[in-house]
Structure formats: structure tokens, C-alpha cells
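Okay, so here's the structure we're looking at.
Proteins get letters first, then strands, A, B, ... in listed order; numbering begins at 1 in each. No experiment lies behind these values; they were computed from the predicted model shown. Hydrogens, waters and symmetry mates play no part in the numbers below; they use all other heavy atoms, side chains included.
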2 protein chains.
Amino acid sequence: MIMGRRWGEGRPGGRWHGELRGCGYRVTMPRQVILQVLDEAKKHLSAEDIFIKVHQIYPAIGLTTVYRTLELLVRMGLVHKFDFGDGRARYELCDGNNEMAHHHHLICTDCGRVIDYDDFTEEETELIKKTEKELAKKYDFTVRNHTIQFYGLCKKCNALKK
Amino acid sequence: MIMGRRWGEGRPGGRWHGELRGCGYRVTMPRQVILQVLDEAKKHLSAEDIFIKVHQIYPAIGLTTVYRTLELLVRMGLVHKFDFGDGRARYELCDGNNEMAHHHHLICTDCGRVIDYDDFTEEETELIKKTEKELAKKYDFTVRNHTIQFYGLCKKCNALKK
DNA sequence: TGTGTTGCTGGGAATAATTATCAATAATAA
DNA sequence: TTATTATTGATAATTATTCCCAGCAACACA
Ligand SMILES: [Mn+2]
Ligand SMILES: [Mn+2]
Ligand SMILES: [Zn+2]
Ligand SMILES: [Zn+2]
């Protein structure tokens, strides 16, 4: 007797089968490929970036579906949506078991460069956890995630100012 | 002999005379009124909110000028620009000597409610300062300010889920 | 206190990201 | 396999923000 294997298991985008079904959503090709693209991405992508990458794997994809799916994944808490101030949203898979660890951002207000930053000190991680707990208690607010962004001037723009 | 008083001094929007002139900018009515409105605001306003309020004081104002001025003030570091994920930017006067102290945000991903949060512990404030210093050194990045936002479910939406 | 320079403004048009519509399609339960 | 209905994709619509440019006004310098 062969052990049953759930559909999509082992396939790049099929890893999230359980997550989707668990929330009562259907496991469709667009959803799988979008998740696969997000998973393989090493940096924050815009909706259009994602559309282009998905299109190479699954040409039938529509831009609307990309937006719709991203919104869904954000609601599900699987994806982070960021705004770096350039008029388009960026998306990153939340740190699960995968590549991209949770990180914060340094954003240059001059040239728009974004630096990912994830080598937190023990102290930092600890304090954030503690703060979240306190906020939860004080405001009766269930914290699901957070964004921390530092704005200023990057190395290059700093030099240019002098 | 009467002590000279700089133009606009004492007037609500004239408080920033020095800031503007110091950067080589002209002190115009739109700029003064926009700053006055931001100063009197108790909460984060959208560009349109600001336009409407300014319009009551200075009806000749144009929406374009509001956007232009806000961009200028953000570049000058006098104003904070936020994105709460509803498609429109929000603006708050940076904590100077004035009303609104520096604060962070709790954002409900369900209903969009935004809670201002500014009763930091000594520990929190300290760590942020320390982190900024470390980042400055490590990435050669001049930190000018930061945003910290916690996403999750507010009290009301939490109750509704059950 | 005039006057010239030029930074600043306002209205309207243009742009571009995101959403809404809706008939066709395909995932899932029976 | 078949029925149900969530999901999709093309297109149109929306909407925040930016561009453009002729007229205006702040202010440096008389
Ligand atoms: Mn990132
Ligand atoms: Mn606020
Ligand atoms: Zn830069
Ligand atoms: Zn809520």
C-alpha cells in the first residue's frame, strides 16, 4: 500500500497546500506559482515584478489575479506588504521555514535604496517580543507582525552631500 | 527703539520662518497655513484632509501645492509621511517642541483602525537609540528617523472573530 | 519704498498603481 | 462524472499623485 501524497506536495508552489485548504481556499495554479515566485525571490518584489516572473512560468496569469492573490496572502498572514515611499507596494514572504528571515529596512530618502537588515542583537529580538506582549495587554490588540524602518541617507548619498 | 520682530513671528504658521529661510526657501502663505494645520492636527491627516482644512483658512490653495509642500517638508525632516495600507499617505508634524510627541502605530488589518502609541519604556527608547547608532556605523547610514508599526487585530475586530 | 529676478503657485491634463465588473473556467464535494 | 460555486482574466473604471506652464509674489538689492 502506497502512502497517499497530497496533490502538489513536493512541487515548488505546492508547499502551501495545507495553508490554503486550511483556510477554505482552493489550491489553484496562479496561487501556487505566485507563492513559488515569492519563495524564490531574494528581495522585495512589486506586484508587477511578480506578474512578470509568474508569467514566465504560467503565461495565462492576469495582473488582476496577482493583486487579488497578494491581498489574500497578506490577509492570511503569509505575506508582508511594504511601502518604501516610491508609490508601489512591495511584497515579501513572511519568514516561515524558508530562505528569507524576518528583517527590517534602512531606506535612503535621497536615492530610494533599501537595505535589508536582519542581524539583530539578542536584546533587540527580546525587547520586541516583550513590547508586543505589553501592547497586546494594554490595548487588547493581537499583534501578528510588525514593520520597522529607518529613514536617512545611505553611504553614497551621504558622501555626495559633502 | 522697538526690537525688530521677524515677519510671521507670533502668527500660527509663522513659527517655522527660520526653518524655511534657513534652507533657502521662501515663506509663503500656503506653506505657513499648511504648517499651521499640521500643527493643530491631533491626528495623522491625508493630503486631501489637509487640503480641505487649509482651504477654510486660505481658499486660494491648490491641491498640487499641498502635495508639493508636504514633499518639501518631508525632505526637510519637519514632517513624517506614513502609509497605513489604505492607498493614501498620511502626514504628521515631527515632534519638535510641539503637541505631538514621537509615537508608533498599531494598525488593525481588519478594520483599518490606527492607534497611536507613545508611552514607551525607558528601555525601548534607549535600545532604539543604540540600534540607530550601530546601524549608522555598520552600514554607513545616517539615520534621521524611523517608523515602527505593529499589525494585527484591534479589540473590536478580535471580539468579532469569536 | 520701488523694481527685477526667479522661486512658487494653481488649474488642468497626464500618469500609473490598484480595483471593480462580469462572463468564462476549473477546483472540489457529492 | 456532475453540479456547485470559488476563482480567474480581459477590460474598464477609479483614484492618488505628478507634470506642465503661464501668471504671481517673496525678497535681494537698490
Ligand atoms: Mn526586505
Ligand atoms: Mn499617528
Ligand atoms: Zn541614497
Ligand atoms: Zn479592527
(request) Please examine the side chains of A:R113 and A:K156, heavy atoms only from C-beta on, and report whether any two atoms are closer than 4.5 Å. (result) no

(message) If we count only N and O atoms by modelled type, under 3.5 Å, do the side chains of A:H80 and A:E92 hold a donor and an acceptor together?
(response) no

(request) Keeping the roles fixed (side chain from A:T69, backbone from A:T65), state whether a donor-acceptor pair exists under 3.5 Å. (result) yes

(message) What is the distance, to the nearest angstrom, from the CG atom on A:L20 to the P atom on C:dA26?
(response) 19 Å

Each nucleotide N or O in nucleotides 23-25 of chain D that has a protein N or O under 3.5 Å away: list the pair and distance.
none

(request) Please say which of A:I52, A:I57, A:I50 ends up in a side chain to side chain contact (heavy atoms under 4.5 Å, CB included) with A:V54. (result) A:I50

(message) Is the ring pair A:F120/A:H104 parallel, tilted or perpendicular, if the boundaries are 30 and 60 degrees?
(response) tilted

(request) Ignoring hydrogens and angles, tell me if any N or O in the side chain of A:S46 forms a donor-acceptor pair with the backbone of A:R90 under 3.5 Å. (result) no

(message) So which atom in B:A47 and which in B:L63 form the shortest heavy-atom distance, rounded to 0.1 Å?
(response) O-CD1, 4.4 Å

(message) Pairs counted only when both distances fall under 3.5 Å, Watson-Crick or G-U: show me the 5' to 3' dot-bracket for DNA chain C, [ ] for pseudoknotted crossings and | for other-strand partners.
(response) ||||||||||||||||||||||||||||||

(request) Whole angstrom is fine here: how far is it from CZ in A:R31 over to C1' in D:dT7? (result) 6 Å

(message) Once rounded to the nearest 0.5 Å, what's the spacing between atom CH2 of B:W16 and atom CZ of B:R31?
(response) 14.5 Å

(request) Report, as a single string ordered 5' to 3', how protein heavy atoms within less than 4.0 Å touch nucleotides 9-19 of chain D: B base, S sugar-phosphate only, - not at all. (result) BBB----SBBB

(message) Side chains of B:D116 and B:H105: any donor to acceptor distance under 3.5 Å?
(response) yes

(request) Indicate whether any N or O donor in one side chain lies under 3.5 Å from an N or O acceptor in the other, for B:H146 and B:H102. (result) yes

